[in-house]
Q: 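The structure that follows is given in the form of structure tokens.
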Number of protein chains: 2
Amino acid sequence: MIDTEESCEIKKIERVDIGKFDGISRFLNLLGNRTRIAILAAISKYGEACACELQPALGIPQPTITTHLRKMYDIGLLKQREVWKYSFYSISPQYANLVDDIMKNQESFESRR
Amino acid sequence: MIDTEESCEIKKIERVDIGKFDGISRFLNLLGNRTRIAILAAISKYGEACACELQPALGIPQPTITTHLRKMYDIGLLKQREVWKYSFYSISPQYANLVDDIMKNQESFESRR
DNA sequence: ATCTCATATATGAATATCATGATATGACAA
DNA sequence: TTGTCATATCATGATATTCATATATGAGAT
């Protein structure tokens with residue numbers, strides 16, 4: 001018997017195209033990293049932040065922070081504003097509510113550490 | 001010079017404990033998988049679903065589906081209801097709104113395929 | 001031109017995740 | 001007890017991700 005053969009006859013769930021969830025899952029996957037969430041928390045709290053101030057706050061190397069910022073920028077989650085030698089990142093308006101909600105609910109997940 | 005030395009003096013972002021974002025990021029990370037989002041989409045649409053009906057709908061092997069269901073159940077995202085030889089999974093009430101929002105916004109991400 | 005400083009990129013090792021075939025479990029029917 | 005069927009777990013190879021070190025870029029000051 002081959003995979004495609006249907007088994008139970010409970011209910012007919014119509015064909016689902018997994019591929020169409022590629023975009024949103026890549027976006028959500030980006031949010032599923034504690035370092036990136038921590039960066040987002042700081043940016044959310046202060047409105048914007050540059051890598052050089054995130055570096056001592058998070059206690060991780062600058063390239064690590066820059067790489068995470070870049071990924072979030074690439075997918076449209078962050079905006080970038082360059083001033084003098086600094087590059088400030090802020091949350092894109094379209095995702096501000098989402099990030100707010102996440103930060104609000106963050107504490108309810110702390111017990112799972 | 002050591003990593004811990006502070007560099008720029010733009011603004012003092014207070015120390016961030018990355019570890020406290022462990023729980024929420026693991027939760028979001030679970031959502032960041034296209035197969036799991038597809039499963040959630042089907043469950044969300046039909047209210048509940050068992051593995052044997054998801055299998056032909058998604059066109060992937062049963063162990064793959066069961067494994068994803070189990071992960072989402074383990075973290076509390078899904079509820080389980082066993083009837084006869086079937087095991088029906090549904091979205092936990094506390095996350096129903098979140099999943100709804102994701103499904104509503106799903107199409108805006110389709111272009112990123 | 002050289003130094004400084006913030007940022008960005010390259011590379012790679014360790015780790016995590018994914019999907020699958022094989023196998024196990026467990027309830028029920030014959 | 002044997003067969004069936006839905007579900008669950010295991011083992012594994014392939015792939016992806018993470019984070020660090022080393023290095024590069026580029027603007028501004030000296």
Q: Find the distance B/Leu69:CG to D/dT9:P and express it as a whole number of Å.
A: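 Those two atoms, CG and P, are 12 Å apart.
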Q: For B/Phe88 and D/dA6, give me the distance from atom CZ to atom C1', rounded to whole Å.
A: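 The answer, rounded to whole Å, is 11 Å.
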Q: Can you tell which of D/dA6, C/dA19, D/dT21 lies closest to the side chain of A/Pro63?
A: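 It is D/dT21.
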Q: Less than 4.0 Å between a side-chain N and a carboxylate O, is that true for B/Arg70 and B/Asp74?
A: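 So B/Asp74 pairs with B/Arg70 through a salt bridge.
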Q: Quick one: do A/Lys45 and B/Glu14 make a salt bridge, cutoff under 4.0 Å?
A: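 A salt bridge is present here (some side-chain N lies under 4.0 Å from a carboxylate O).
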Q: Which of these nucleotides, C/dT7, C/dG21, C/dC5, is closest to any side-chain atom of A/Ala51?
A: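 Among C/dT7, C/dG21, C/dC5, the one nearest the side chain of A/Ala51 is C/dT7.
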Q: Would you say OH of A/Tyr46 has more than 12 non-hydrogen atoms from neighbouring residues, nucleotides or ligands within 6.0 angstrom?
A: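 Atom OH in A/Tyr46 is crowded, with more than 12 foreign heavy atoms closer than 6.0 Å.
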Q: With sequence neighbours excluded, tell me which residues meet side chain to side chain donor-acceptor pair (under 3.5 Å) with B/Thr66.
A: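 Partners of B/Thr66 under the side chain to side chain donor-acceptor pair (under 3.5 Å) test: B/Gln62.
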Q: B/Tyr86 has an atom OH; how far is it from atom P of D/dT7, in whole Å?
A: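 To the nearest whole Å, that distance equals 7 Å.
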Q: Over all strands shown, is B/Ser87 touching base, sugar-phosphate only, or nothing at heavy-atom distances under 4.0 angstrom?
A: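 Sugar-phosphate: the residue B/Ser87, judged by heavy atoms under 4.0 Å, touches backbone atoms but no base.
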Q: Can you check the A/Asn33 CG to D/dC19 C1' distance for me, whole Å?
A: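 Going from CG in A/Asn33 over to C1' in D/dC19 covers 10 Å.
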Q: Output all residues satisfying side chain to side chain donor-acceptor pair (under 3.5 Å) with A/Gln80, sequence neighbours left out; order by chain, then residue number.
A: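 Per chain and number, A/Gln80 pairs via side chain to side chain donor-acceptor pair (under 3.5 Å) with A/Ser87, A/Tyr89.
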Q: Strictly distance-based, threshold 3.5 Å: is any side-chain N or O of A/Arg15 a donor or acceptor partner for the main-chain N or O of B/Ala57?
A: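 Yes; at least one donor-acceptor contact below 3.5 Å.
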Q: Output yes when at least one side-chain N/O atom of B/His68 is less than 4.0 Å from OP1 or OP2 of C/dA19, else no.
A: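 It does, given that an N or O in the side chain of B/His68 lies less than 4.0 Å from OP1 or OP2 of C/dA19.
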Q: So do the side chains of B/Ser44 and B/Val99 get within less than 4.5 Å of each other, counting heavy atoms only?
A: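 B/Ser44 vs B/Val99: side chains touch.
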Q: In residues 35-45 of chain B, which residues come under 4.0 Å of DNA chain D by heavy atom?
A: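 Close to the strand, none.
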Q: Can you tell me how far P of D/dA16 sits from CG of A/Leu30, to the nearest Å?
A: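 After rounding, the gap between these two atoms is 16 Å.
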Q: Please report the distance, rounded to the nearest Å, between NZ in B/Lys71 and P in C/dC18.
A: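 My rounded result for the distance is 4 Å.
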Q: Over how many whole Å does the gap from B/Glu53 atom CD to D/dC5 atom P extend?
A: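 In whole Å, D/dC5 P lies 17 Å from B/Glu53 CD.
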Q: How are the rings of B/Tyr86 and B/Phe88 set relative to one another: parallel (under 30°), tilted (30 to 60°) or perpendicular (over 60°)?
A: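 B/Tyr86 vs B/Phe88 ring planes: tilted.
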Q: Starting at atom CH2 of B/Trp84, determine the distance to atom P of D/dT7, rounded to an integer number of angstrom.
A: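 Distance check: B/Trp84 CH2 to D/dT7 P gives 11 Å.
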Q: Tell me which of A/Asn29 and B/Tyr89 sits closer to the 5' end of DNA chain D, going by the nucleotide each one is nearest to.
A: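 Going by which nucleotide is closer to the 5' end, it is B/Tyr89.
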Q: Which is true for A/Gln80 with a 4.0 Å heavy-atom rule: it touches a base, it touches only sugar-phosphate, or it touches nothing?
A: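 If one applies the 4.0 Å heavy-atom cut-off, A/Gln80 turns out to touch the sugar-phosphate alone, with no base involved.
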Q: Heavy atoms under 4.0 Å, any strand shown: does A/Thr66 hit a base, just sugar-phosphate, or nothing?
A: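 Contact class for A/Thr66: base.
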Q: Can you identify which nucleotide, out of D/dT9, C/dA6, D/dA6, has its nearest atom closest to the B/Cys52 side chain?
A: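 The answer is D/dA6.
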Q: Counting distance alone, no hydrogens or angles: does the base of C/dA6 have a donor or acceptor under 3.5 Å from a partner atom on the side chain of A/Gln62?
A: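 Not at all, since no donor on one side and acceptor on the other fall under 3.5 Å apart.
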Q: When you measure from the side chain of B/Arg70, which nucleotide among D/dT18, D/dT9, C/dT9 comes out closest?
A: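 Output: D/dT9.
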